[in-house]
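Below is one structure, written out as structure tokens, with a few remarks after it.
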Amino acid sequence: MEKGFFVTGTDTGVGKTIIAAALISILRRLSLKVCGMKPIETGCIRDKNTLVPSDGTFLRTFADMSEDIEFVTPCCFENPLAPFAASQIEGRQVDFEKIWQAYTSLKTNCDVVVIEGIGGLLVPITNDYYVLDLAKNFGLPVIITAKPGLGTLNHTMLTVRYGLKEGLVMAGVIINYSYPPENTPAEDTNARIIRRICPIPLIGTFPHLDKIDRGLIEEAALQQLDIDIIKRYL
């Protein structure tokens with residue numbers, strides 16, 4: 001098995017980038033050289049003739065990578081849509097060859113690669129190729145980022161069961177407070193229920209951060225995530 005993790009979500013906007021950064025923090029604490037990768041990013045900012053991937057740039061900076069951003073995010077689209085929809089509007093396809101070349105280069109220079117996916121497992125990349133297929137092709141253990149509130153039991157179990165059915169190695173679930181706690185009954189009970197009914201472990205619950213800060217991310221990762229579960233796949 002390849003060394004690293006593929007971070008997916010139960011939905012869009014659940015905070016996969018922060019969880020990818022948290023994993024990078026833990027792996028670096030284990031004295032591993034870590035690379036971050038966001039192979040496809042939509043909603044990129046246009047700077048003259050260049051598309052700048054904000055998530056990819058964040059992961060590159062957070063992992064202290066010297067590689068050019070093209071290795072972190074080989075495929076950029078301007079429209080904030082699923083890759084298949086963005087590619088249709090912008091008239092160009094996802095360059096898979098460029099993705100695999102970038103990944104090969106990264107894993108050659110790093111001990112582990114943390115890859116952030118796009119949305120959830122069934123986000124379409126082409127008309128017959130999904131994020132699920134991308135995760136399969138990378139061959140990395142999958143970590144699911146889930147929201148803390150109402151609906152996450154259904155979304156999480158659907159993602160877990162479908163991933164297992166399709167043969168993915170599902171390493172665990174991380175509940176992420178990408179928004180401030182609302183102190184609802186769902187938030188109070190979801191972690192406990194997931195621990196009881198989910199066939200893969202709950203790695204932890206990541207707290208809401210008032211600001212995106214390296215020190216805060218590192219501290220929360222080390223305090224709130226189960227490092228022993230992560231070490232099983234190294």
For [X] and [Y], work out which heavy atoms get closest and say how close.
X	Y	result
Pro53	Ile69	CG-CG1, 3.8 Å
Thr108	Thr104	OG1-O, 2.7 Å
Ala102	Phe71	CB-O, 3.5 Å
Gly149	Tyr179	N-OH, 3.3 Å
Cys75	Val94	SG-CG1, 4.0 Å
Pro39	Pro74	O-CD, 3.2 Å

Which value, rounded to the nearest 0.5 Å, describes the distance between [X] atom [atom1] and [Y] atom [atom2]?
X	Y	atom1	atom2	value
Ile175	Thr156	CD1	OG1	7.0 Å
Thr10	Lys147	OG1	NZ	7.0 Å
Asn176	Ile174	CG	CD1	8.0 Å
Ile217	Leu23	CD1	CG	11.5 Å
His208	Glu182	NE2	CD	11.0 Å
Leu30	Ile230	CG	CD1	8.0 Å

Any side-chain to backbone donor/acceptor pair from [X] onto [Y]? Under 3.5 Å, distance only.
X	Y	answer
Glu187	Pro181	no
Lys3	Leu234	yes
Thr159	His155	yes
Asp213	Gly215	yes
Lys33	Asn109	yes
Asn79	Leu81	no
Gln224	Ala220	no
Glu90	Glu78	yes

Taken in chain and number order and not counting sequence neighbours, the residues that satisfy disulfide (SG to SG under 2.5 Å) with Cys110 are Cys35
Side-chain heavy atoms of [X] within contact of [Y], under 4.5 Å:
X	Y	answer
Lys165	Arg161	no
Val123	Pro83	yes
Ile125	Phe96	yes
Asp64	Arg214	yes
Val112	Phe5	no
Met37	Leu59	no
Leu222	Ile227	yes
Val114	Val7	yes

In terms of heavy-atom contacts, does [atom1] of [X] have more than 12 from other residues, nucleotides or ligands at under 6.0 Å?
X	atom1	result
Arg92	CZ	yes
Arg29	CZ	no
Arg46	CZ	yes

Where does the angle between the aromatic ring planes of Phe6 and Phe138 fall among parallel (under 30°), tilted (30 to 60°) and perpendicular (over 60°)?
tilted
So that I know where these two stand, are Phe206 and Tyr177 an aromatic pair - ring centroids less than 6.0 Å apart?
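Ring-ring flag for Phe206/Tyr177: false, centres at least 6.0 Å apart.
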Please tell me whether Tyr130 and Phe84 form a close aromatic pair, meaning their ring centres lie under 6.0 Å apart.
no
Charged N to carboxylate O below 4.0 Å: is that the case for Glu166 and Lys136?
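Between Lys136 and Glu166 there is a salt bridge, with a charged N closer than 4.0 Å to a carboxylate O.
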Electrostatic pair Asp55-Lys16, nearest N-O below 4.0 angstrom:
no
In this structure, would [X] and [Y] fall into the same cluster of hydrophobic residues linked by side-chain contacts under 4.5 Å?
X	Y	value
Phe77	Ile89	no
Val113	Trp100	yes
Leu122	Met157	yes
Ile144	Val14	no
Ile193	Leu158	no

Side chain to side chain donor-acceptor pair (under 3.5 Å), that's the test. Do Asp128 and Thr126 meet it? Break it down for me.
CA-CA 5 Å; Asp128 59 356; Thr126 71; 3.1 Å; yes
Take Val160 and Val173 through the test side chain to side chain contact (heavy atoms under 4.5 Å, CB included) and record every step on the way to the result.
CA-CA 9 Å; Val160 170; Val173 177; 4.1 Å; yes
Please check if any side-chain donor atom of Tyr129 sits under 3.5 Å from a side-chain acceptor atom of Asn137, or the reverse.
yes
Please lay out, stage by stage, how Val34 and Asp111 fare under the test side chain to side chain contact (heavy atoms under 4.5 Å, CB included).
CA-CA 6 Å; Val34 190; Asp111 298 318; over 6 Å; no
Between Thr184 and Leu150, is the side chain to side chain contact (heavy atoms under 4.5 Å, CB included) condition met? List the steps.
CA-CA 8 Å; Thr184 63; Leu150 191 64; over 6 Å; no
Between Gln88 and Gln93, is a side chain to side chain contact (heavy atoms under 4.5 Å, CB included) present by the stated rule, with each step listed?
CA-CA 8 Å; Gln88 294 290 295; Gln93 300 299 312; 4.1 Å; yes
Arg28 to Phe62 six-membered ring, cation-pi geometry met (6.0 Å, 45°):
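Arg28 over Phe62 ring: no.
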